[in-house]
Amino acid sequence: MNLFDVYSLYDVVPVKGQGCRIWDDKGQEYLDLYGGHAVISVGHSHPAYVGAISGQLANIGFYSNSVKNPLQEQLAEKLGKACGYEDYSLFLDNSGAESNENALKLASFHTGKDRIVAFRKSFHGRTSGAVAVTDNPNIQAPFNKNHKVTFCDLNDSAAVEAELKKGDVAGVIIEGIQGCGGINVPDDSFMKELESLCKKYGAVLILDEVQSGYGRTGKFFAHQWNGIKPGIITMGKGIANGFPCGGILISPEFEAKKGMLGTTFGGNYLAMAGALAVLDIIEKENLIQNAYEVGEYLKANIPALPQIKEVRGRGLMLGMEFNCPVADIRKKLLFEDHIFTGVSGTNMIRLLAPLCLKKEQADVFINALNNI
Ligand code: PLP
């Protein structure tokens, strides 16, 4: 049987990881500034994380959501404290797309309405609703295009208000910082207006923090830079450092009804053990502050090369927009300098390093950039 051939792959086989370093099957070491696409939050194979998951597996690996799972309650308590949303509730699922799917559904249940406002250049995942609110018709099948979605330009609050006024909008979904669409940081004033417009017209503000959350930008969630409080916050990626896990934080205004949301694997023991270890490590190693400091250090020291038009982002969510396609530059960085990077579109190198990146490691990248 062949694999369904949907991914463009680099010819590298990682077999071992530690912190921000990876080794391939030939023993070559790499610096990881991509974090498996913002997933590796506390570093590869952190001993406390490995111990937590393997210790849990030795006791019990899985049971269903039909019995009590105290690890879920522990996570809710710890996460509430860590992110400052202690009065919100937590629903656990398995991925970023599923989190967005649940958020959209909940907004629709809550308001009784069925249209969603989303933004140009957004990416929210590949499941039915999540892909429908993603601004990329090429990844939507005809089936997905049946959802009622209206796209507005980022930072255009007049356009959003014109849609909300029509009275049929259940929710507005926005990324804390747009990731796949090119590291676009929404204006502070726009985020505040969005919050008050959603309140005024009774729509749910959904903050997709799948990529920008969990400490990446130097605050627990990127929207906390804007001082706003959404109705629903969606999470994924770094929540369990690579063990599949997602979740949504739900404001106290929402009423839970039995059977309203559900999933087989969401909140399972191994994901919970991983997620609890992640929060412990983030706290003990002060990784949110580290992400901010090292990210800002990187941003300030990226050389002013003629090919680089702009550097955008916050903390360890950074994009370097070039005035040319970056495919060859990324190949050189990977195969000659042994540095993993990410990409947005054709002209942007995107950095989503583990939150434990050190300044010396940032310097390795800066030196390599000087030689592209
Ligand atoms: N939302 C954002 C902002 C993302 O960047 C992604 C993935 O890149 C998703 C949602 C989808 O997450 P997943 O691939 O875990 O379904």
Side-chain angles (χ1 to χ4, degrees), residues 6-8 34-41 91-107 116 118-136 138-140 144 147 149 151 154 171-186 191 205-217 220-225 230 232-249 263 265-268 271 274-275 278 312-319 340-345 348-353:
V6 291
Y7 297 112
S8 308
Y34 180 50
H37 203 72
V39 168
I40 303 301
S41 44
F91 178 77
L92 289 154
D93 51 48
N94 307 284
S95 69
E98 192 185 352
S99 297
N100 286 330
E101 204 72 39
N102 283 317
L104 296 169
K105 202 188 284 179
L106 208 49
I116 298 291
F119 292 93
R120 301 221 163 80
K121 300 193 178 167
S122 61
F123 181 84
H124 297 291
R126 305 281 187 148
T127 54
S128 181
V131 79
V133 294
T134 290
D135 180 28
N136 184 352
N138 298 330
I139 62 168
Q140 295 170 349
N144 307 117
H147 292 274
V149 181
F151 290 97
L154 197 67
V172 176
I173 185 165
I174 183 164
E175 290 160 78
I177 293 178
Q178 286 188 334
C180 302
I183 309 292
N184 303 308
V185 184
M191 292 301 261
L205 178 57
I206 302 168
L207 244 302
D208 179 342
E209 294 277 4
V210 170
Q211 191 172 140
S212 55
Y214 249 75
R216 176 149 300 283
T217 67
F220 201 93
F221 294 120
H223 70 263
Q224 291 172 319
W225 287 104
I232 304 177
I233 301 156
T234 68
M235 304 171 295
K237 296 203 187 285
I239 188 167
N241 205 49
F243 197 97
C245 184
I248 61 177
L249 300 185
T263 153
F265 292 118
N268 69 76
V278 163
R312 294 197 287 274
R314 267 192 174 131
L316 285 174
M317 183 165 183
L318 292 178
F340 275 95
T341 59
V343 68
S344 278
M348 176 174 273
I349 291 185
R350 188 164 32 144
L351 303 182
L352 300 164

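Order of appearance sets the numbers: ligands from 1, and atoms from 1 within every ligand. It should be emphasised that the depicted structure is a prediction, and the values quoted were computed from it without experimental measurement.
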Under 4.0 Å to a heavy atom of Gln211 - the qualifying atoms of ligand 1, by number: 5 (O)
Closest protein heavy atom (residue, atom, distance) for atom 7 (C) of ligand 1: Lys237 NZ, 3.0 Å
Arg126, portion touching ligand 1 at heavy-atom distance under 4.0 Å: neither
Any donor-acceptor pair under 3.5 Å from Arg216 side chain to Ala353 backbone: yes
Evaluation steps, side-chain contact (heavy atoms from CB on, under 4.5 Å), between Leu316 and Leu351: CA-CA 7 Å; Leu316 285 174; Leu351 303 182; over 6 Å; no
Ligand 1 contact on Asn100 by region, counting heavy-atom pairs under 4.0 Å: side chain
Validation row, ring centre Phe119 to ring centre Phe151 under 6.0 Å: no
Per-atom contacts, ligand 1 versus Ala97 - under 4.0 Å to a heavy atom: 11 (C), 12 (O), 13 (P), 16 (O)
Distance (rounded to the nearest 0.5 Å) between Leu318 CG and Arg350 CZ: 11.5 Å
Heteroatom distance test (Gly125, ligand 1): nitrogen or oxygen, under 3.5 angstrom: no
Spacing of CD belonging to Glu101 relative to OG1 belonging to Thr127, to within rounding of 0.5 Å: 3.5 Å
Nearest-contact summary for atom 1 (N) of ligand 1 - protein heavy atom, Å: Asp208 OD2, 2.8 Å
From Asn100 atom CG to Glu175 atom CD, the distance as rounded to the nearest 0.5 Å: 8.5 Å
Within-shell test, His37 vs ligand 1, heavy atom, strictly < 4.0 Å: yes
For atom 4 (C) of ligand 1, closest protein heavy-atom neighbour: Phe123 CD2, 3.8 Å
Under 3.5 Å donor-acceptor, Gln178 side chain and Arg120 backbone: yes
Interfacing atoms of ligand 1 (cut-off 4.0 Å, heavy-atom, Glu175): 3 (C)
Ile177 CD1 to Trp225 CH2 distance, which is reported to the nearest 0.5 Å: 9.5 Å
Closer than 4.0 Å: a protein non-hydrogen atom to atom 14 (O) of ligand 1: no
